[in-house]
There are 2 protein chains.
Amino acid sequence: MADRRPARTAPDTRHVSDDALRQLVGFNIKRAMNVIAGDLRTTLTPFELRMVTYSALTLIGDNPSLSQAQLAAALSVERPNLVNVIEELAGRGLISRDRVPTDRRTNALRLTTQGARLLAQATEAVRAHEAQLLDGIDPADIATLRAVLGRIERNGTERI
Amino acid sequence: MADRRPARTAPDTRHVSDDALRQLVGFNIKRAMNVIAGDLRTTLTPFELRMVTYSALTLIGDNPSLSQAQLAAALSVERPNLVNVIEELAGRGLISRDRVPTDRRTNALRLTTQGARLLAQATEAVRAHEAQLLDGIDPADIATLRAVLGRIERNGTERI
DNA sequence: TATTGTTATACTCTATAACTATA
DNA sequence: TATAGTTATAGAGTATAACAATA
């Protein structure tokens with residue numbers, strides 16, 4: 001009779017319970033966020049944008065002549081972390097960065113025509129990506145999701 | 001009449017609109033996650049735990065003799081990133097890490113008595129922290145939140 | 001030939017201190 | 001004295017390649 005040896009070792013597929021972690025709403029939010037961030041990265045790659053550069057473009061588009069300090073506050077990031085982001089977007093010709101005559105410390109950030117066009121294209125892709133993630137979910141439940149997330153944000157004690 | 005010069009420059013408090021970003025569910029989830037992560041960090045600091053060490057302890061407690069590879073999969077992190085986490089928890093005497101006789105490649109991870117006690121204390125604090133974040137929210141809406149987050153997670157295409 | 005745990009490495013994100021120029 | 005933008009730096013978190021031991 002022939003040898004019957006396991007030619008290889010199967011990966012350990014025994015079921016692992018994460019029920020205790022799943023009881024925590026924060027854990028479920030983190031897992032959903034991981035999935036969203038991964039998908040969004042893929043969605044933005046063709047535009048050579050990251051989450052932070054896309055968010056910055058959106059805020060600059062909505063608030064022309066925004067300063068970097070204002071943008072940092074709106075994005076909840078520290079000012080130094082924004083310098084390279086701004087440098088990247090300006091270097092690609094997507095935003096202009098003009099010194100303000102009345103306060104020569106500050107930069108007025110604005111979308112260029114090219115930046116506005118790229119933002120419009122990226123936004124269309126992001127909206128489509130969101131629609132896919134939310135596919136099959138009752139719009140009323142999505143409204144509830146928004147309301148609950150907003151309430152959690154306000155209930156938090158950390159300055160973010 | 002006295003000089004009236006602005007002694008200092010007030011920070012730029014002009015209102016910045018983030019309405020466009022707020023339309024994206026992903027952005028709202030990210031903001032809520034930032035608040036939760038910040039609060040959770042504060043909650044876990046007295047126990048000298050981080051989110052990943054707390055999650056690891058919880059999973060080990062629920063799945064005694066878990067291997068590092070299984071734990072990494074359950075936490076959605078790569079195996080190399082778990083080595084220092086395990087080293088930290090074992091070094092503090094919170095978990096044991098025993099070679100398995102039937103497969104001497106793998107480690108069987110278990111909570112020590114001390115680890116189980118710390119986990120119980122930390123879990124109590126985390127639950128209280130969650131209750132504060134969810135204060136005033138209709139339990140039915142929280143159930144909807146869980147359901148929608150789970151659906152988003154399953155709708156995602158990225159391997160997480 | 002494949003898996004476990006590990007080492008080394010690198011890249012991103014984020015936070016703080018301190019500098020300059022401006023106010 | 002304080003703010004805007006910047007530089008330098010450090011710490012997390014995360015990802016890949018490759019190794020020795022083991023299956």
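Lettering of chains follows the sequences in order, A, B, ..., and the numbering in each one begins at 1.
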Just by modelled atom types, is the A:Asp39 backbone N or O under 3.5 Å from a matching donor or acceptor in the A:Thr43 side chain? yes
Whole angstrom value for the distance that separates C1' of C:dT12 from CG of A:Leu49: 16 Å
Tell me, do B:Arg22 and B:Asn28 make a side-chain contact under 4.5 Å, heavy atoms counted? yes
Is A:Arg97 near enough to D:dT6 that one of its side-chain N or O atoms lies under 4.0 angstrom from OP1 or OP2? yes
Please report the closest heavy-atom contact between A:Ala56 and A:Leu89, naming both atoms and the distance. CB-CD1, 4.1 Å
Distance, rounded to the nearest Å, where A:Leu66 contributes CG and D:dG5 contributes C1': 14 Å
Given side chains that start at C-beta, do those of B:Arg50 and B:Leu44 come closer than 4.5 Å, heavy atoms only? no
If you look at every heavy atom in A:Asn155 and B:Leu133, which pair is closest and at what distance? ND2-O, 2.7 Å
Rounded distance (Å) that lies between atom P of D:dT6 and atom CG of A:Leu82: 9 Å
Round to the nearest Å and state the distance from B:Asn107 atom CG to D:dA23 atom P. 13 Å
Within this structure, what is the CZ-to-C1' distance between A:Arg79 and D:dT3, rounded to whole angstrom? 10 Å
Donor-acceptor pair, distance only, cut-off 3.5 Å: does the side chain of B:Arg151 make one with the backbone of A:Asp135? yes
Given D:dT6, is OP1 or OP2 found less than 4.0 Å from the side-chain N or O atoms of A:Gln68? yes
What is the distance, to the nearest angstrom, from the CG atom on A:Asn84 to the P atom on D:dA8? 11 Å
Side chains of A:Thr58 and A:Leu119 in contact at under 4.5 Å (non-hydrogen atoms): yes
Atom CD of B:Gln121: over 12 foreign heavy atoms under 6.0 Å: yes
Distance check needed: C:dA8 C1' versus B:Glu87 CD, whole Å only. 16 Å
DNA chain C: 5'-proximal contact among B:Ala108 and A:Thr102 (nearest heavy atom): B:Ala108
At under 4.0 Å between heavy atoms, how does the protein contact nucleotides 9-15 of chain D? Give one character per nucleotide, 5' to 3', with B, S or -. ----SBB
For the residue pair B:Ile95 and B:Arg110, establish whether any side-chain heavy-atom pair is separated by less than 4.5 Å. no
Check the interface with nucleotides 19-22 of chain C: list each N/O to N/O pair with the protein under 3.5 Å, or write none.
residue : atom : partner  : partner atom : Å
C:dT22  : OP2  : A:Arg104 : NH2          : 3.1

